[in-house]
2 protein chains.
Amino acid sequence: MATTPSARRIGTKDSQTRAQLVDAAERLMLEEGYAAVTSRKVAAAAGLKPQLVHYYFRAMDDLYVEVFRRQAEANISGFEQAVAEGVTLQQLWRMNADARAAVFTIEFVALANHRKAIKAELARFAERFRAAQQTAFASALAAAGIDEDQLPPVVGLLLMTGLAQVLGLEQMIGVTTGHAETKAFVDDLLAGLDVRPAKRSGLRRPGSRRR
Amino acid sequence: MATTPSARRIGTKDSQTRAQLVDAAERLMLEEGYAAVTSRKVAAAAGLKPQLVHYYFRAMDDLYVEVFRRQAEANISGFEQAVAEGVTLQQLWRMNADARAAVFTIEFVALANHRKAIKAELARFAERFRAAQQTAFASALAAAGIDEDQLPPVVGLLLMTGLAQVLGLEQMIGVTTGHAETKAFVDDLLAGLDVRPAKRSGLRRPGSRRR
DNA sequence: GTCTATACTTCGATAGAC
DNA sequence: GTCTATCGAAGTATAGAC
């Protein structure tokens, strides 16, 4: 039953050409959005013929998934390494507040809205990602002396993720009102927390901010 | 110089047919993403002929903009009314935590990534929206007894917006780990704040949460 | 194993008939 | 004021030549 989905020959995974196509697709997705990732445009961006895209990828979805996996895998391994070594809240924040990552998220979520294959892939990774980050976040919180029922780790993590997401998203469309102030606030807050490993330090900001 | 962008006849703005097309486009965008909003699909969804889309809208971008404006305008007027009447933090949160709105945001931001006309439109509204919300948020914060240099209004607003965004976005792809806990946390936090208008109440959660 | 010639579908848009 | 006939460009995908 799972044996008739068009049995045509597909290029090897370790082809140089294939890699160029994925690179081009990634660039396009970042700069012009997923709708610009068509076989013709990808090929043009890579200096190749459009048919090659279909030789290396059975369907366009497969190319999308490949771009996503490469990106997600690189990202997640960074976190998994970090969680093993132990990270501060500041480091976690810096890893999350990456505009490039925000653009990818937006594009793939939008893509997932009408491509089932992408949605499944995205959900799988999101859960894995959440798990890795949650562990790291929980210990970083504990190290900063913040109690679990003062701020449950998942909640803090979602707050951080959300803030990073919104900043990236707005920057993407050219809206930056309040961004500088917010970043400064977070930096101050985290600097104070990471430096003070005493229990029950609360969420108050330490000192006044110059700048 | 601005007089030759194709001078062909366009249908009146108050046409019944036109409204049907916008409705259909909105539905499609929400359910299948902006890439599904093509002249043919929109027409099919409205039970009309594809060419009608081009009769009522000079270019597809104009249709996108129309869908966006209608949505944004409805949303913003809600806030502007709320700010006039005065709102609590709880009400603001409820207005933001709308999954439907999150989907729209995602779609239009992604769309803006490769459609300049949309990007400009989106940025314009985002700024207007921010302004309206910031006023409301600032007074709600003050009413809750939270000092400005404890939590600057813009920062709080971005935190709230980000959290709402992330929850909506994740729900969209079927990831809900930690959502229930987070919503409960926010509800408790806000209930406590809105009820206690004393100065310097800090950010600590009031009491322990059962449930 | 790699790439090309080619088919078929869908898209946006316009000119002109009612 | 409203809708139809029609086009050229762009999209995905396959079969077969090197």
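Remember, predicted model here, so these are calculated numbers, not experimental data. Just so it is clear: chains get the letters A, B, ... in the order the sequence lines come, proteins before strands, and each one is counted from 1.
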Problem - Atom pair distance, as rounded to whole Å: NE2 in His54(B) and C1' in dT10(C) - result: 11 Å

Practice task
Could you tell me whether a side-chain N or O of Gln91(A) sits under 3.5 Å from a main-chain N or O of Thr88(A), the two making a donor and an acceptor?
Solution key: yes

Problem - Below 4.0 Å: OP1/OP2 of dT10(C) and any side-chain N or O of Lys41(B) - result: no

Problem - OP1 or OP2 of dT12(D) under 4.0 Å from side-chain N/O of Ser39(A) - result: yes

Practice task
Check the angle between the aromatic planes of Phe125(A) and Phe68(A) and answer parallel, tilted or perpendicular using the 30° and 60° thresholds.
Solution key: perpendicular

Fill in the blank from the handout: In whole angstroms, the gap separating P of dG12(C) from CG of Leu21(B) amounts to 13 Å

Handout entry: Residue pairs involving residues 97-111 of chain B (criterion side-chain hydrogen bond (donor to acceptor under 3.5 Å, both in side chains); sequence neighbours excluded)
Key = Asn113(A)-Glu107(B), Glu26(B)-Arg100(B)

Practice task
Check for a donor-acceptor pair, side chain of Ser15(A) on one end and backbone N or O of Thr12(A) on the other, with a separation under 3.5 Å.
Solution key: no

Handout entry: Contact pattern, 5' to 3', of nucleotides 2-7 of chain D - B, S or - by protein heavy atom under 4.0 Å
Key = BBBBB-

Problem - Between C1' of dC11(C) and CZ of Arg115(B), the distance in whole Å - result: 11 Å

Exercise for the section: Take the protein atom CD of Gln16(A) and the nucleotide atom P of dG1(C), then report the distance between them rounded to whole Å. Expected result: 17 Å

Practice task
Please determine if Arg70(A) and Asp23(A) form a salt bridge, counting it only when a charged side-chain N lies under 4.0 Å from a carboxylate O.
Solution key: yes

Handout entry: Side-chain donor or acceptor of Tyr56(A) paired with backbone N/O of Lys13(A) under 3.5 Å
Key = no

Practice task
Using atom CZ of Arg8(B) as one end and atom C1' of dG1(D) as the other, report the distance to the nearest whole Å.
Solution key: 15 Å

Handout entry: Nearest-Å distance for atom pair CZ/P, residues Arg18(B) and dG1(D)
Key = 14 Å

